[in-house]
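Please read the structure below before turning to the comments.
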Amino acid sequence: GGDVTTLATVSPSKLGSAKVVCKQTGVLCGSQIFFEVFKLVDERVKVECWAKEGQTLAAGRTAFTLDGPMGSLLTGERVALNFLCYLSGIATTTSEHVKAVRHTKARITDTRKTTPLLRRLEKYAVRVGGGVNHRLGLYDMVLIKDNHIDSCGNIIEAVNAARKHWGNSFAIEVETRNLKEVQEAIQSNVERIMLDNMDLDTMAEAVRLIDGRVETEASGGVSLNTVSFIAETGVDYISIGGLTHSTKWLDFS
């Protein structure tokens, strides 16, 4: 229905300018979407970005300047900032976790715990922050989790069923809850084994048993306080739902 406040209070002929300032240190993400919002609102708005996507900005840094019809600046302002603050928050949180494990081989990855309709943007922000993406949806990888295993009977039967149905069309990952299941997953010759909610000693023993034969992924109970200890067990990946489902926004104004 349009911006009823601006239509009533700002003359269409009035010009204006603005700058977007980062109010706390963090990683810039969402520049292209910021441009796109104003392109959709009014192509006469000139937007300039003064930082690179993925760059760490200090508090007080100007990220964008804008010039054009004042009404269009006001109409697009909040939508553009919403995307910028949200995606920059995800990128910043991801970057913090990546830095915490940089003394190891572990890579930080996301999950499907994403906001409905925004998954592609959120997973993009994880990449900007230095992380890597797990599967995008249910359709691009076989991930046999505890409920699938319980339904089939055991890991070996579940993996055999997946291979019988799909052949080699998809990589297969199996979730394991204990060392017995880790042994079953090794025997199944899958591409990745998830070590779910294991304590550090059990996880380290699982990594020793797997011995580099397949990729390993730690999952569950990961925080910025624990991620470095998890990485030091020798896992290849650490998946963190909190990168996307509970990240604080980075403050821009």
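The analysis underlying the following values was restricted to heavy atoms, covering all of them including side chains, and did not include hydrogens, waters or symmetry mates.
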Considering all heavy atoms, the nearest [X]-[Y] contact:
| X | Y | value |
| --- | --- | --- |
| I144 | A162 | CD1-CB, 4.3 Å |
| C152 | A158 | SG-CA, 3.7 Å |
| T109 | H134 | OG1-N, 3.1 Å |
| L28 | C49 | CD2-SG, 4.3 Å |
| G54 | V128 | CA-CG1, 3.5 Å |
| W50 | T62 | CB-O, 3.8 Å |

Carboxylate-amine/guanidinium proximity below 4.0 Å for [X] and [Y]:
| X | Y | value |
| --- | --- | --- |
| E96 | K99 | no |
| K46 | D67 | no |
| R213 | D211 | no |

Residues which pass side chain to side chain donor-acceptor pair (under 3.5 Å) with [X], listed by chain and number, not counting sequence neighbours:
| X | result |
| --- | --- |
| E77 | none |
| K105 | D236 |
| T114 | R119 |
| H165 | none |

Evaluate H148 against E175 for side chain to side chain donor-acceptor pair (under 3.5 Å), listing each step before the verdict. CA-CA 10 Å; H148 302 109; E175 178 181 285; over 6 Å; no
Indicate yes or no: at least one non-hydrogen side-chain atom of [X] is less than 4.5 angstrom from one of [Y].
| X | Y | result |
| --- | --- | --- |
| R61 | Q55 | yes |
| T25 | T56 | yes |
| D42 | V45 | yes |
| V20 | L81 | yes |
| C22 | L250 | yes |
| E205 | L179 | yes |
| K123 | L136 | yes |
| I238 | R107 | no |

Look up atom [atom1] in [X] and atom [atom2] in [Y], then write down how far apart they are to the nearest 0.5 Å.
| X | Y | atom1 | atom2 | result |
| --- | --- | --- | --- | --- |
| T94 | E122 | OG1 | CD | 10.5 Å |
| N133 | R120 | CG | CZ | 10.5 Å |
| L7 | L74 | CG | CG | 11.0 Å |
| E217 | T176 | CD | OG1 | 10.0 Å |
| I193 | E181 | CD1 | CD | 11.0 Å |
| C85 | Q24 | SG | CD | 8.5 Å |

What do the steps show when you test M70 against L15 for side chain to side chain contact (heavy atoms under 4.5 Å, CB included), and what is the final call? CA-CA 5 Å; M70 190 66 179; L15 300 178; over 6 Å; no
Say whether, by atom type as modelled, one donor and one acceptor occur between the side chain of [X] and the main chain of [Y] under 3.5 angstrom.
| X | Y | result |
| --- | --- | --- |
| T244 | G241 | yes |
| D140 | R135 | no |
| T226 | V222 | no |
| S88 | C29 | yes |

What do the steps show when you test V132 against I108 for side chain to side chain contact (heavy atoms under 4.5 Å, CB included), and what is the final call? CA-CA 6 Å; V132 295; I108 301 300; over 6 Å; no
Side chains of [X] and [Y]: is there a donor and an acceptor less than 3.5 Å apart?
| X | Y | value |
| --- | --- | --- |
| N197 | R177 | no |
| Y86 | T247 | no |
| E53 | S31 | yes |
| Y237 | E173 | no |

Between I149 and V174, is the side chain to side chain contact (heavy atoms under 4.5 Å, CB included) condition met? List the steps. CA-CA 9 Å; I149 295 165; V174 172; 4.2 Å; yes
Single-linkage hydrophobic cluster, 4.5 Å side-chain cutoff, [X] and [Y] together:
| X | Y | result |
| --- | --- | --- |
| V182 | L200 | yes |
| L195 | V227 | yes |
| M194 | V101 | no |
| V190 | L143 | no |
| I240 | V98 | yes |

Sorted by chain and number, sequence neighbours left out, ring pair (Phe, Tyr, Trp, His ring centres under 6.0 Å) with F170 holds for W166
Checking F34 now: which residues fulfil ring pair (Phe, Tyr, Trp, His ring centres under 6.0 Å) with it, not counting sequence neighbours?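 Partners of F34 under the ring pair (Phe, Tyr, Trp, His ring centres under 6.0 Å) test: F38, F64.
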Count the heavy atoms belonging to other residues, nucleotides or ligands that lie under 6.0 Å from CZ of R163, then report whether that count exceeds 12. yes
Evaluate R102 against T104 for side chain to side chain contact (heavy atoms under 4.5 Å, CB included), listing each step before the verdict. CA-CA 5 Å; R102 60 187 171 190; T104 72; over 6 Å; no
